[in-house]
Visitor: 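Here it is, the structure, as structure tokens.
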Amino acid sequence: MCGIVGYIGEKDACGILVQGLKQLEYRGYDSAGVAVFADSRIQVSKTPGKVSELEKLLVNVPASKIGIGHTRWATHGEPTIVNAHPHTDCTGDIAIIHNGIIENYAALKTKLISMGHHFKSQTDTEVLAHLIEEFRTDGDSLDIALRRALKEVDGTFGVVAMSATEPDLLVAARRGSPLVIGLGEAENLVASDASALVKHTREVIYLHDNEIAILTRGNVSLKNLDDEVVEREAEHLSFDVEQIEKGGYPHFMLKEIHEQPDTVLNAMRGRLLRDVGISNMGGLRDVEERITGAKRFVITACGTSWHAALVGKHIIEQCARIPVEVDYASEFRYRKPILQNGDIVWTISQSGETADTLAALREARSNNVPVYGIVNVVGSTIARESDAGVYIHAGPEIGVASTKAFTSQLAVLNLINLLVSRKKGMMDLQQGRAIIDEM
Ligand code: GLU
């Protein structure tokens, strides 16, 4: 879940969006982008890497008084220019930015492609742009189309949309991913975090789940997804920026500890099939047979991830009855490990860049053993060099001592255990379902 900023007013939108995105940089991100309305069309600028790179691109963009900006923390599709937000529909009339995960994006994408839509990215987000296009019939306003589109969607979203045919309007909606509206003088803003707004206003309205906000220069109105008007008084923000960044907690680690109910849910989102009492992870689908038939797992990791591996060993040996060896990656790489046919090496790393774990991965690969990763950062080196793997979807972790990434690693190890135990017949349908119900 990364950074969102939207602006509609009389000032230079690019400048305000870039300043807001810079304010959100502390959250961590992998790419950035902006869409503005200028010369009668939506103009999108995106880049992998830093907001300062984006700023250089924006020098050539004509002045505009409306726009949306995003810093992305990839969950679906690597951090590339094409996958960076904003995303557009087929015609380029609609641009959207999104935080969160669209769980049923694969099914929606297949359906939209069969209806003739053309996709450019690998993201889950892009389905939203095409759904809005599809549902915007007979000159309907953007908010109506967005509301219809969101009814089709399972998962979480903080989303902001704009359209060239309605250039005096921004529409925002949320479910499970925060959005806050900033009320100004002849200007209004929306952001994923109030720290991006306080330079412009301290009068804010927090959007609740399943609500849509319609922003024009002079007005903000709220509705729910059933099209009923919602009344909410604005609040005055008295916190300073530093307090807002930490979500009211004295430090990031405490904030991340409190994020765990959401992050654990994100690790499991869309991956539990209750009907058949089993888990389902896209990144392992092609290697399920191989995992089930393994003679031994070797899990290699460092630090907190190594502790997650120890819990994984306990669960997997007990339920799936596959012998599991847990190895400190820094030892593994130097001690000439014995790896044999039938072994699978798993690496666990929050960043996906842990040097010893990466070296262990390469050591295993040079022994011709399959290596599967359990990683947080999409497109990281370990993710790229693994034969297959699972992302834990914990979002950026700023605290050096891991908390939410650790519990998400445990959630994923439990999903892997459920998959293997069920496939190996060590757990029957009822037991599988009982575990899913507990999760
Ligand atoms: N799931 C989206 C993507 O991978 C949004 C990521 C985010 O929240 O930054 O593009």
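Order of appearance sets the numbers: ligands from 1, and atoms from 1 within every ligand. Side-chain atoms are counted along with the backbone in the values below, which use heavy atoms only and exclude waters and symmetry mates.
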Visitor: N/O of N83 under 3.5 Å from N/O of ligand 1, yes or no?
Guide: no
Visitor: Are more than 12 heavy atoms, taken from residues, nucleotides or ligands other than K151, located less than 6.0 Å from that residue's NZ atom?
Guide: yes
Visitor: Are G77 and ligand 1 in contact, using a heavy-atom cut-off of under 4.0 Å?
Guide: no
Visitor: Determine whether more than 12 heavy atoms belonging to other residues, nucleotides or ligands lie under 6.0 Å from atom CD of E10.
Guide: yes
Visitor: Measuring from atom 4 (O) of ligand 1, which candidate in T75, T125, D30, I101 has the nearest non-hydrogen atom?
Guide: T75
Visitor: E25 and V51: side-chain contact (heavy atoms from CB on, under 4.5 Å), yes or no, with the steps?
Guide: CA-CA 8 Å; E25 281 193 298; V51 175; 3.7 Å; yes
Visitor: A quick test of your reading: do over 12 heavy atoms of other residues, nucleotides or ligands sit less than 6.0 Å from CZ of R433?
Guide: yes
Visitor: Can you confirm whether more than 12 heavy atoms, excluding those of K111, are under 6.0 Å from its NZ atom?
Guide: no
Visitor: If you measure from atom 3 (C) of ligand 1 to every heavy atom of R72, H98, H393, which option wins on shortest distance?
Guide: R72
Visitor: Do any N/O atoms on G100 end up under 3.5 angstrom from N/O atoms on ligand 1?
Guide: yes
Visitor: Under 3.5 Å between some N or O of ligand 1 and some N or O of T123?
Guide: no
Visitor: Could you go through W346 and F297, starting from their C-alpha distance and side-chain angles, then the distance that decides it, and tell me whether this counts as ring pair (Phe, Tyr, Trp, His ring centres under 6.0 Å)?
Guide: CA-CA 7 Å; W346 296 86; F297 287 170; 5.5 Å; yes
Visitor: Go through ligand 1 atom by atom and flag the ones less than 4.0 Å from a non-hydrogen atom of W73.
Guide: 6 (C), 7 (C), 9 (O)
